[in-house]
Amino acid sequence: MKREIPKVYDPRGAEEKWYPYWETNGYFVADVRSPKPSYVMVIPPPNVTGTLHMGHMLVCTLPDIVARWRRMSGDNVLWLPGMDHAGIATQNVVERQLMEEEHLTRHDLGREEFVKRVWQWKEKNGGIILKQMRRLGASLDWTRERFTLDEGLSRAVREVFVRLFNEGLIYRAKRMINWCPRCTTALSDLEVKFEERNGKLWTIKYPLKVPGAGGGGEEFVTVATTRPETMLGDTALAIHPRDERYFYLKGRMAVLPLMQREIPIVEDERVDPEFGTGIVKVTPAHDPNDFEVGMKNHLPQISILDEQGRIINAGRYNGLDRFVARKEVLEDLKTQGLLLEEKIHLHNVGKCDRCGTVVEPLISTQWFMKMSDPDPAKNLAAPALRAVEEGYIRFVPSSKINVYREWMTNIRDWCISRQLWWGHRIPVWYCGNCNDAVALVAEPTRCEKCGSDQLRQDPDVLDTWFSSQLWPFSTLGWPEATEDLQKFYPTTTMITAADIIFFWVARMIMSGLRFMGHESLRAGNPDIKSYLDWGPREWKASIPFHTVYFNVLVRDAEGQKMSKSKKNVIDPLEVTEQYGTDAVRFTLAAMSAPGSDIALSKERMEGYRAFANKIWNAARFVLINLPEDPIEYHPDEDLDCANTVFDRWIRSRLASVTDEVNRALEEFRFHEAAHVVYQFFWHELCDWYLEFVKPALTDPHVPRESRAVQTRSLVAVFDYALRLLHPFMPFITEELWQQLPVARGSICVARFPANLSKRYADQETEKVVQLLQGVVTGIRSLRAENEIGPSQRIPAHVYLVDARQTEVLRPFEPQLRMLAGLETIELSTGDVTVAKGLKHIEADFAVLIPASVVGNREKEFERLTREDMKLDKDLQSIKSKLSDPKFLERAPETVVADWRAREQELQTKRRRIKENLSAFSGN
RNA sequence: GGGCGGUUAGCUCAGUUGGUAGAGCGCAUCCCUUACAAGGAUGAUGUCACAAGUUCGAGUCUUGUACCGCCCACCA
């Protein structure tokens, strides 16, 4: 029945309507008992504190395209949502709020109360981002939503910790680590971001100790430093052992200014004689390099900073903030005449990834995870590298393997403890009586060794990424052998941003291999002693995912990284509001070409909003033209119910496009898939097919029967087109599909088109339609060039070179008349040269508008001359190619044949243009 | 210091086994034609950064150069 919908698509209505419909009908819920093939993804869990940014939107859109495509293609799709507790970030947020609203620190509340407050905050504000993901249409299985601090996931964390602890892969040690004085916690190497900065390099005089006498003498050496305050902790100076300039210093002592401490001058290969003065101050407690030098030379380590970055162990400087201390140290040196030089110096400063505070290297007792054990049975990194290098896990794009290999081969132990309260508390208990330390999954009441109840749990929590690395299996129920775990692990695809390849991807691979295969295999097969003994079957069973697709970064229109400080952040909710979610999704997909980042521009989103509107209006056309009398539709059979050239043509094109879309998605070539479907819908379906079938639908003389057939075919074609579009634009396609008379349930579970080529590919028909299109375009071109307005109906004559084609075209005279705006059309075989009028000449046909229509033909003469010159140029290059014996000899036959055919075609066309030019004055 | 990526139409970018250079936007001309002016029709525009090499043939492969960007690295 005829339906009327508004002229302009309003995204809001559709977006509010359909997500609840999908969710309540359970379309996104994976069935653990389904016989269908599984397709599994887990979402990179966003921070509980997060609000949606463009990066999230991309990480929602691309997997959603995959999920919807696979679901429609018949897979049992599980796309699992959840959130990360985001230790430091969340604690910072709540602490800040506490300070602002109640002027309290977390210490004022105490640990238990503070953690309770964070949970309250989480319950109240935490889920925003998940609601926002629904707005984007993400087809996530919300019945399986997880949170890294859930009871189940916490159990997994403790289990992993205990096992690695018992194997010696988690250990406690006093090491040099990165410390954030603002967050007052240790950080891993990855959480320090280096920033190039124009700092200063100061040159300081250190007096030499006079042999035999106390105190400094007249002799000095000079050293250069960017962090003068660390000199308070200096315990040596160092020179390069082969630096002849300083041979005289070997074995001597210097006197540390301000502290008056006598320090040795040591030799070390690490010193670069070219830098500064060639003499280095050594601060073993606050510089990683100096730490090494100190260890080698048995130097004392003097810590001069407390956990908040205030000076300690340095006499009168004690209690000063590190930067205040720097000023005072410099002042004092200046006063004493020991500050020699101050110059600008470009160097890297390490900053806390979370809060931007300059981090300090310092010595501290922390927990570490051993990444690369010499024992192959315990080594975590080696098998993880192999799994990727040998293709058990595929990286897209594959160039990321280099990045991964580089890091995995130079991997260092991971500092996993954090001096925070929000997170998984380290499951280690110390006995106050016998000093034993045990790691246990469940809290003990008595010391296992001595029976004492004087137990104290380690106060630290684990790095957030410690729980994230378990995400692909902890979310499925591990360590329990749940149905979900057995059904859905390993997951199929991971789509994530490349900037967390080390933080997350690498660690998931390591822990997946370690916990999802290793042990069970060793238990079941005593012959397997190490990862390296595993066979392909075991590898395949334990990897966390088969494919990792690294999406690119979303930038602003100028290609700048989006950041709050630059104020160039594009808010997804704002732009989806403005252009419609589907348009923004389509933009992201269409721009997701591997390799280069996305420069998100307003123009592009406007373009795809127009596309949505085009879809809408195409549907409007279909619905308006549904016949008044009811007809029966057969969704599965109607596609080939009509047998006109146009229907055969659109089916052939649909088949070809379907193949391309499926192949592109198979290879995660989102931009290609989007582009192909866009071109098909707009420039084939709308521009031509709808126009072709228009007469059969609107002409009252068309018999009811044939109109019904045409309608059924049109509806079926449109149905298929909407299905192709659905993964990219879920809302508008659902909204329109529901109005089609063939709709059942939801388009999100309708079958995605596939394998149509065998049945519908039809080159002959495509050629016929190409000819029709050529004729129409030729006439339109003549009209435009000669300013014949669209309302002016004119006669036209089409001359076909091949008599058979005349007959092929004859049935389509009505369509030709309509599309070219003709009053009459005459088809004939023959020579156009003698006829008078405006001519458009191709190799196999010519179109003519009689001279009576237009008087002025100078323009045409110019155009034909121009065309002739261009053809001449093209022909020259083809001729020279075809006259080259080497080309003829070595190029494949098909290529030569193609060129010969091309030459023929151009020659024919040129001859006919020439004839007409020479006849010009005559007619 | 290493590694990776980019350089194609005015702008933003596609271009996967080497074989007639494409899209979107913008621009020009004409149209509110009975799905759509967020539209239609027609049209203009490129020594594919530079240089050499391989090849019958290079935007596509090799090497080098220049500029831009990203990642990693303990340079005081």
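Lettering follows sequence order; numbering is per chain, from 1.
- Nucleotides C75(B) and G6(B) place their P atoms 28 Å apart, quoted to the nearest Å.
- For the OP1/OP2 pair of G24(B) and a distance below 4.0 Å, the side-chain nitrogens and oxygens of H671(A) include no atom meeting the criterion.
- One atom, CH2 of W688(A), and another, C1' of G40(B), lie 12 Å apart when rounded to the nearest Å.
- Within the structure, every side-chain polar atom (N or O) of K614(A) is placed at least 4.0 Å from both OP1 and OP2 of G39(B).
- Between I401(A) atom CD1 and C4(B) atom C1' there is a gap of 13 Å when expressed in whole angstrom units.
- R412(A) comes within 4.0 angstrom of sugar-phosphate atoms only, judged by non-hydrogen atoms across all strands, and of no base.
- Rounded to a whole Å, the CD atom of Q679(A) is 15 Å from the P atom of G15(B).
- Residue R620(A) places at least one side-chain N or O closer than 4.0 Å to OP1 or OP2 of C36(B).
- Every side-chain contact (heavy atoms from CB on, under 4.5 Å) that L888(A) has, sequence neighbours left out, goes to L882(A), V896(A), R900(A).
- Residue-level contact check: P892(A) touches the bases, meaning some heavy atom is under 4.0 Å from a base atom.
- Residue-level contact check: D272(A) touches the bases, meaning some heavy atom is under 4.0 Å from a base atom.
- Nucleic acid contact class of W682(A) (heavy atoms, under 4.0 Å, all strands): sugar-phosphate only.
- Remark: A38(B) base-pairs with no nucleotide; criterion is Watson-Crick or G-U wobble with both hydrogen-bond distances under 3.5 Å.
- Residue order along RNA chain B, read from the 5' end via each residue's closest nucleotide, puts A618(A) first among L346(A) and A618(A).
- Computed from coordinates, the F621(A) CZ to G40(B) P distance equals 15 Å when rounded to whole Å.
- Straight-line distance between the P atoms of G53(B) and G39(B): roughly 50 Å, to the nearest whole Å.
- Within 4.0 Å of H345(A), counting heavy atoms only, lie sugar-phosphate atoms of the nucleic acid but no base atom.
- U7(B) sits 15 Å from U60(B) when the C1' atoms are compared, rounded to a whole Å.
- Closest to the side chain of R902(A), from the set U12(B), U20(B), A38(B), is U20(B).
- Between the R817(A) side chain and the L822(A) main chain, no donor and acceptor come within less than 3.5 Å of each other.
- For S883(A) (side chain) and S880(A) (main-chain N/O), a donor-acceptor pair under 3.5 Å exists by modelled atom type.
- Within the 4.0 angstrom heavy-atom criterion, base atoms lie near E691(A).
- With hydrogens and angles disregarded, a donor-acceptor distance shorter than 3.5 Å links the side chain of D287(A) to the backbone of N289(A).
- Among the nucleotides U42(B), G40(B), A38(B), the one closest to the side chain of A784(A) is U42(B).
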Apply salt bridge (Lys or Arg N to Asp or Glu O under 4.0 Å) to E691(A) and K694(A), showing your working.
CA-CA 5 Å; E691(A) 298 300 332; K694(A) 216 172 244 180; 3.3 Å; yes
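- Contact annotation for H286(A): no contact, since no heavy-atom pair falls under 4.0 Å across all strands.
- Formation of a donor-acceptor pair under 3.5 Å by the R405(A) side chain with backbone atoms of E389(A) is not found in this model.
- For R669(A), a side-chain nitrogen or oxygen approaches OP1 or OP2 of G15(B) to under 4.0 Å.
- Under a 3.5 Å cut-off, the side chain of N613(A) and the backbone N or O of R609(A) do not form any donor-acceptor pair.
- Among the atoms of the strands shown, none is found under 4.0 Å from any heavy atom of F291(A).
- G26(B): no Watson-Crick or G-U partner with both key distances under 3.5 Å is found in any strand.
- Using the Watson-Crick or G-U wobble rule with both distances under 3.5 Å, G1(B) pairs with C72(B).
- T226(A) comes within contact range of the sugar-phosphate backbone alone, with a heavy-atom separation under 4.0 Å but no base atom that close.
- Rounded to an integer number of Å, the gap from I411(A) CD1 to C71(B) P is 19 Å.
- With distances taken from any side-chain atom of A593(A) to the nucleotides C25(B), A14(B), C4(B), the minimum falls on A14(B).
- The base-pairing partner of U17(B), taking Watson-Crick or G-U wobble contacts with both distances under 3.5 Å, does not exist among the strands shown.
- The environment of NZ in K296(A) is crowded: more than 12 heavy-atom neighbours from other residues, nucleotides or ligands sit within 6.0 Å.
- Note on E292(A): nothing from the nucleic acid sits closer than 4.0 angstrom, heavy atoms only.
- Remark: C67(B) base-pairs with G6(B). Criterion, Watson-Crick or G-U wobble with two distances under 3.5 Å.
- Residue K7(A) places at least one side-chain N or O closer than 4.0 Å to OP1 or OP2 of C36(B).
- Protein atom CZ of F887(A) is 11 Å distant from nucleotide atom P of G57(B), rounded to whole Å.
- Rounded to whole angstrom, the span from the CZ atom of F550(A) across to the C1' atom of C70(B) amounts to 15 Å.
- If you check every strand for non-hydrogen atoms under 4.0 Å, A891(A) touches a base.
- Residue K400(A) is out of contact with every strand shown, counting any heavy-atom pair closer than 4.0 Å.
- The distance from atom OH of Y608(A) to atom P of G24(B) is 9 Å, rounded to the nearest whole Å.
- Using a 4.0 Å cut-off, no side-chain N or O of R780(A) falls inside it from OP1 or OP2 of C30(B).
- Of the residues E195(A), E360(A), E196(A), the one that meets the salt bridge (charged side-chain N to carboxylate O under 4.0 Å, His left out) test with K351(A) is E195(A).
- Here, A21(B) and G2(B) have their C1' atoms 37 Å apart, quoted to the whole Å.
- Of the listed nucleotides (C74(B), A76(B), A35(B)), A76(B) has the atom at the smallest distance from the side chain of F275(A).
- C27(B) sits 47 Å from U54(B) when the P atoms are compared, rounded to a whole Å.
- Rounded to a whole angstrom, the distance from the P atom of G24(B) to that of A49(B) is 22 Å.
- G57(B): no Watson-Crick or G-U partner with both key distances under 3.5 Å is found in any strand.
- When only modelled atom types and interatomic distance are considered, S188(A) and E191(A) share a side-chain donor-acceptor pair under 3.5 Å.
- A close approach under 4.0 Å does not occur between any side-chain nitrogen or oxygen of T283(A) and OP1 or OP2 of A76(B).
- Looking at heavy-atom distances under 4.0 Å, N348(A) makes contact with a base.
- At the heavy-atom level, S877(A) lies nowhere under 4.0 Å from the strands shown.
- Atom C1' of C4(B) sits at a distance of 29 Å from the matching atom of A76(B), rounded to the whole Å.
- Base pairing of U62(B) is made with A52(B), judged by Watson-Crick or G-U wobble geometry with both donor-acceptor distances under 3.5 Å.
- Comparing U17(B) with U12(B), their C1' atoms sit 29 Å apart, to the nearest whole Å.
- Nucleotides of RNA chain B nearest to K886(A) and W616(A) differ in position, and the one nearer the 5' end is that of W616(A).
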